[in-house]
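Notes to accompany the following structure.
This structure is a prediction, so every number in the text was calculated from the model and none was measured. Note that these values count all heavy atoms, side chains included, but never hydrogens, waters or copies made by symmetry. As the structure lists them, so they are numbered: ligands from 1, and atoms in each ligand from 1.
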Amino acid sequence: MSLPPQFKAMEAVFSYENFRLAPKLAAQAEAAFLRPNPKLQHALSNSVDKGLPPISVLPMAGQYLSILTQLIGAKSVLEIGTLGGYSSICFAEAGARVTSVEINPKHRDVAIENVQGLDVEVLLGAALDVLPKLLEEGRQFDLVFIDADFKDHWEQFDMAVKLTRPGGGIFLDDVVASMFKNGYPGEGSESLLTRIGEDERVRATLMPTVASHPMLTTPVFNGFIMAIVKSH
Ligand SMILES: C[S@@+](CC[C@H](N)C(=O)[O-])C[C@H]1O[C@@H](n2cnc3c(N)ncnc32)[C@H](O)[C@@H]1O
């Protein structure tokens, strides 16, 4: 199909080839936007030293979470998936009290070392065991960040809705990656997108991302869902 002249000029702008440049662009943005942060740098190096996998949010994503926390004035954040506490630090340094849930005792221990001095509590256990207890206690959060295993995404999202105050937000990470885990789900089939789309308790959007991960040779097509809770 030939493009009209005004789109022709944009071909270079939207070329697929540009995706290959995502790692370079990400490096440029990191150099431009990020300031030295001793707490985050220590969390990363201590996590490597203690043998944790390098799967914390990327620095630019951490900065995004920090900005989001400040934008919505979140004073309480529930995080599912602590690892070494990198994203917990991003939320806490942005002014929120963080409750983070982690299934792996070793990760929990390293996280506790890394978040020292910040308002972060790390609860040990599987999310679907711990979250009902928080609900029983009547806990409510301004923001919930889901960043654990893919397989329970829907169940974790459902619990997150109940634990978020009306008007608060839910950030569900790695949605695109999880959808492609077993191949393209295909149009018309039930998926996390259709389930959340039919959920009258929330209004949601999918934000696709192209990022580069230092451990992977190709740019990563991923994306997150951001939802606002209307009611429970
Ligand atoms: C991607 S990492 C989290 C990264 C962290 N949010 C950060 O950016 O620094 C996922 C973590 O979730 C934990 N996890 C996996 N399944 C879980 C579950 N069902 N409940 C709680 N934590 C879980 C893993 O042990 C791992 O530490």
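The NZ atom of Lys133 sits 9.5 Å away from the CG atom of Leu123 when rounded to the nearest 0.5 Å.
Near Val57, meaning under 4.0 Å from any of its heavy atoms, are these atoms of ligand 1: 7 (C), 8 (O). The distance from ligand 1 to the heavy atoms of Ala127 drops below 4.0 Å at these ligand atoms: 18 (C), 19 (N), 20 (N), 21 (C). Close contacts between ligand 1 and His107 involve ligand atoms 25 (O), 26 (C), 27 (O) [criterion: under 4.0 Å to a heavy atom]. Close contacts between ligand 1 and Ala126 involve ligand atoms 20 (N) [criterion: under 4.0 Å to a heavy atom]. Taking every heavy atom of Ile55 and a limit of under 4.0 angstrom, the matching atoms of ligand 1 come to 1 (C), 2 (S), 4 (C).
Within the set Ile80, Asn114, Asp147, Val130, the minimum heavy-atom distance to atom 10 (C) of ligand 1 is found for Asp147.
Nearest protein heavy-atom contact of atom 16 (N) of ligand 1 is Asp149 CG, 3.5 Å.
At least one N or O atom of Glu102, backbone or side chain, sits closer than 3.5 Å to an N or O atom of ligand 1. The shortest N or O to N or O distance between Gly85 and ligand 1 is not below 3.5 Å.
With a 4.5 Å cut-off on side-chain heavy atoms, Arg201 and His232 do not count as touching.
Ring orientation note: the planes of Phe171 and Phe145 are nearly perpendicular, at an angle over 60° on the 30°/60° scale.
Residue contacts with ligand 1: Gly125 is included, with a non-hydrogen atom under 4.0 Å away.
Transitive grouping of hydrophobic side chains (ILVMFWY, heavy atoms separated by less than 4.5 Å) keeps Leu206 and Val220 in distinct clusters.
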